[in-house]
Amino acid sequence: MKITFPNGDVREFPNGITGMEITKSISERLAKEALGIFVNGEKKDLSLPIQDDASIEIVTFDDTRGKEIFWHSSAHLMAEAVQSIYPGTKFGVGPAIENGFYYDIDIPGGKKLSIDDLPQIEKKMMELANASLEYHRTDVTWDEAIEHWKKIGDEYKIELLEGLKGQEISFYQQGNFIDLCRGSHVPNTSHIKFVKLLSVAGAYWRGDSTRSMMTRIYGITFPKKKMLDDYLTMLEEAKKRDHRKLGKELELFMITPAIGGGLPVWLPKGTTVRRKLESFLRDELIKRGYVEVITPHIGNLNLYKTSGHYPYYAESQFAPIKVDDEEYLLKPMNCPHHHQIYSFKPRSYRDLPVRLAEFGTVYRYEQSGELSGLSRVRGFTQDDAHIYCMHEQLKDELINAVDLTQLVFTTFGMEVTTRLSFRDKTNTEKYAGDSDTWDKAEKEIKEVADQMGLKYEIGIGEASFYGPKIDFIVKDAIGRKWQLGTVQVDYVMPERFGLEYTGADNQPHRPVIIHRAPFGSMERFLSILIEHFAGNFPFWLAPVQLNILPIGGNQNEFAYNLKKSFDDLGFRTEIDVRNEKINRKIAESETQKVPYAIIIGQKEMDENLISLREHGKGNIGNFSIDDATALFLKLNQPGGEKENI
RNA sequence: GCUGAUGUAGCUCAGAUGGUAGAGCACUUCCUUGGUAAGGAAGAGGUCACCGGUUCAAUCCCGGUCAUCAGCUCCA
């Protein structure tokens with residue numbers, strides 16, 4: 001039979017040869033490192049005989065698909081270790097994930113693991129790995145399978161099997177551990193050389209909060225020690241970027257139970273950064289024909305009944321406030337207020353689009369377990385806007401809104417993924433509006449995305465209740481994904497609020513609304529931005545831009561005059577005239593991540609120069625005050641740091 | 001909200017089997033006037049998260065609350 005390799009080579013092999021035998025014929029080294037084989041694109045075990053002409057691809061740990069097989073096998077290995085330490089443990093699911101694997105387990109007697117139990121499991125895993133146990137596949141009938149798991153009494157596996165009726169069923173066994181599994185797996189456990197179990201946490205069975213809580217163990221394994229060490233170092237480095245840590249160290253924000261969990265308070269330095277972001281965006285809004293509005297933090301409950309938000313999200317809102325005979329809600333979003341502004345006066349087709357923008361603070365009662373730094377909070381400010389337009393204008397407006405969002409991400413050099421968030425058609429309860437309108441809106445969004453050449457994934461069930469969205473998603477320092485920017489199409493609210501404009505035909509028409517927020521939430525955006533820059537803000541955003549450090553008392557007057565001239569130009573300048581050595585002043589300036597330290601000694605005074613020290617770089621030499629000022633002025637523009645200096 | 005863990009000085013963390021606690025940094029004062037990442041000394045600073053219970057005695061043991069962390073669920 002003919003076997004085709006990824007590079008196009010075709011070689012002849014006897015029928016029934018296994019993947020491993022082919023691998024060995026290529027090289028001993030590859031045979032050692034091979035973890036799996038793709039036969040005609042299908043993932044298979046290397047031990048499986050190949051019967052017919054096929055194209056094959058052998059994967060190692062260098063390949064993402066190889067890692068997936070490796071970590072999936074590691075999950076089985078961990079399960080075996082757990083089973084041997086805690087006999088009678090029942091197993092849920094144990095897949096490979098982006099970085100490593102997990103297994104959901106249920107230990108008899110309701111025992112819950114803690115992080116202290118993990119080293120013991122790791123040790124057992126290494127023991128089993130060293131025993132070089134083969135992963136052996138057995139194809140079974142559904143009846144055989146169900147009988148096996150009933151005998152063991154693992155209701156989780158039984159439930160999984162119920163969903164697999166009529167499909168091919170296979171077991172995998174290594175050592176004493178048998179699992180219901182589709183495969184494939186690495187040849188034997190000896191490939192798994194280094195293991196680190198990272199955390200243990202609860203996880204609902206089948207992700208359903210009404211069902212039992214299992215124990216989930218997260219872990220990662222590698223074939224080489226250096227890989228594990230590098231990964232752990234990377235985790236450590238990531239922790240240093242954590243915005244909650246940097247927020248404290250750089251005095252950007254605080255969260256205190258004295259005010260309330262999930263209610264961040266912006267300290268002076270954090271406020272500076274936030275205001276700079278706001279004015280950056282405000283400048284863009286003006287260029288793009290938005291007008292700014294301001295609306296109150298609370299609104300009559302009836303507004304939210306009209307919009308439908310109140311019934312949809314009653315659980316996650318702060319309780320209404322009763323005043324006299326009326327009830328008010330801390331506003332959970334800005335839209336209904338903006339709709340009132342739209343309705344303030346009759347609108348003509350000539351007025352459209354109307355683009356109302358507001359940095360609007362909203363309050364949502366998020367579940368306590370969800371609160372996290374600035375990323376998930378109960379009070380936050382959206383860079384919100386609502387665009388009311390005619391249907392003919394919709395696509396252009398969507399393009400403009402997406403373009404603005406992209407400008408934000410490119411300005412900061414952030415990596416984003418784009419998701420078209422569509423409804424889940426099977427969940428009719430969740431969505432307002434009729435199905436045809438939804439189809440139309442989703443089609444329009446997709447057309448815009450395609451027209452703009454966006455690379456996107458489609459998220460079924462991710463739409464909001466009133467319409468589909470284009471969402472922009474980024475990862476934080478420790479790899480968690482967060483939605484930032486969003487652009488949404490809404491045919492529902494114009495209907496509910498009876499919004500109208502008079503057309504050229506002198507007849508009333510319904511506008512379409514675009515909800516959009518390029519940053520999303522200022523809080524969440526800042527959290528990502530802090531981590532993105534690891535606290536090293538570009539000059540134009542830095543809370544303190546220039547730190548003037550006189551070497552001795554004789555230079556203080558010169559330094560103060562210098563500070564004043566920089567202050568007058570609008571730079572954020574600090575001066576350190578403490579009776580301290582210059583090394584200490586520099587060290588503290590570096591720790592605070594101030595972009596430039598300006599060092600003034602007798603030499604500089606004599607020559608009327610300043611010595612510049614760039615954060616993270618060190619001394620960059622002496623400059624005339626004019627040259628330095630020109631540099632700072634250039635850097636003070638958004639994106640200015642990207643120009644070569 | 002759920003599972004598990006954690007909560008000691010402004011920050012980062014030690015600590016004792018139950019007898020009211022300690023370091024480094026920061027802070028205050030004094031000495032040091034210094035050239036590109038932390039000079040020296042002294043001092044001050046704590047209801048050991050909060051509320052109950054057990055005990056002669058609780059920061060430590062038990063229960064509850066709040067907050068934080070990891071994850072699950074949720075996210076207009």
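Lettering of chains follows the sequences in order, A, B, ..., and the numbering in each one begins at 1. This is a predicted model, so every value here is computed, not measured.
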Sugar-phosphate, base or nothing in reach of A:Ile478, heavy atoms under 4.0 Å: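 Sugar-phosphate contact only - A:Ile478 comes under 4.0 Å of backbone atoms but never of a base.
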Partner of A:Tyr388 by side chain to side chain donor-acceptor pair (under 3.5 Å), out of A:His338, A:Arg355, A:His339: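 Testing A:Tyr388 for a side chain to side chain donor-acceptor pair (under 3.5 Å) against A:His338, A:Arg355, A:His339 leaves exactly one candidate, A:His339.
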Atom pairs under 3.5 Å: protein N/O with N/O of nucleotides 59-67 of chain B:
none

Base B:G1 paired with A:Tyr204 side chain (donor-acceptor, <3.5 Å):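 Present.
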Any N/O donor-acceptor pair, A:Arg244 side-chain to B:C69 base, under 3.5 Å: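 When only heavy-atom distances are counted, A:Arg244 does not reach the base of B:C69 through any donor-acceptor pair under 3.5 Å.
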RNA chain B contacts made by residues 195-203 of chain A, counting heavy atoms under 4.0 Å: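 Heavy-atom cutoff 4.0 Å gives A:Ser199, A:Ala201, A:Gly202, A:Ala203.
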If I compare all heavy atoms of [X] with all of [Y], which pair ends up nearest, and what's the gap?
X: A:Gly379; Y: A:Leu263; answer: N-CD2, 3.8 Å
X: A:Ile551; Y: A:Gln555; answer: N-OE1, 3.4 Å
X: A:Phe91; Y: A:Asp154; answer: N-OD2, 2.8 Å

Test side-chain hydrogen bond (donor to acceptor under 3.5 Å, both in side chains) applied to A:Ser435 - qualifying residues, sequence neighbours left out: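 Once residues adjacent in sequence are excluded, the partners of A:Ser435 under the side-chain hydrogen bond (donor to acceptor under 3.5 Å, both in side chains) criterion are A:Arg423.
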Validation: residues 466-481 of chain A side-chain donor-acceptor distances under 3.5 Å, sequence neighbours left out:
residue  : atom : partner  : partner atom : Å
A:Tyr466 : OH   : A:Gln488 : OE1          : 2.5
A:Lys469 : NZ   : A:Asp471 : OD2          : 3.3
A:Lys469 : NZ   : A:Gln483 : OE1          : 3.4
A:Asp471 : OD1  : A:Thr486 : OG1          : 2.7
A:Asp471 : OD2  : A:Arg419 : NH2          : 3.1
A:Asp471 : OD2  : A:Ser421 : OG           : 2.6
A:Lys475 : NZ   : A:Glu98  : OE2          : 2.8
A:Asp476 : OD1  : A:Ile478 : N            : 3.0
A:Asp476 : OD1  : A:Gly479 : N            : 3.0
A:Asp476 : OD1  : A:Arg480 : N            : 2.8
A:Asp476 : OD2  : A:Arg480 : NE           : 3.2
A:Asp476 : OD2  : A:Trp482 : NE1          : 3.0

Pairing residues for A:Val544 by the side chain to side chain contact (heavy atoms under 4.5 Å, CB included) criterion, not counting sequence neighbours: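 With neighbours one apart ignored, the set is A:Lys269, A:Glu574, A:Val594.
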Residue A:Ile586, side-chain heavy atoms: nucleotide from B:A70, B:G34, B:A37 that is nearest: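 Nearest to the side chain of A:Ile586 among the choices is B:A37.
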Bracket notation of RNA chain B in which parentheses pair within the strand, [ ] cross earlier pairs, and | pairs with another strand (Watson-Crick or G-U, under 3.5 Å): (((((((..((((.....[..)))).(((((.......))))).....(((((..]....))))))))))))....
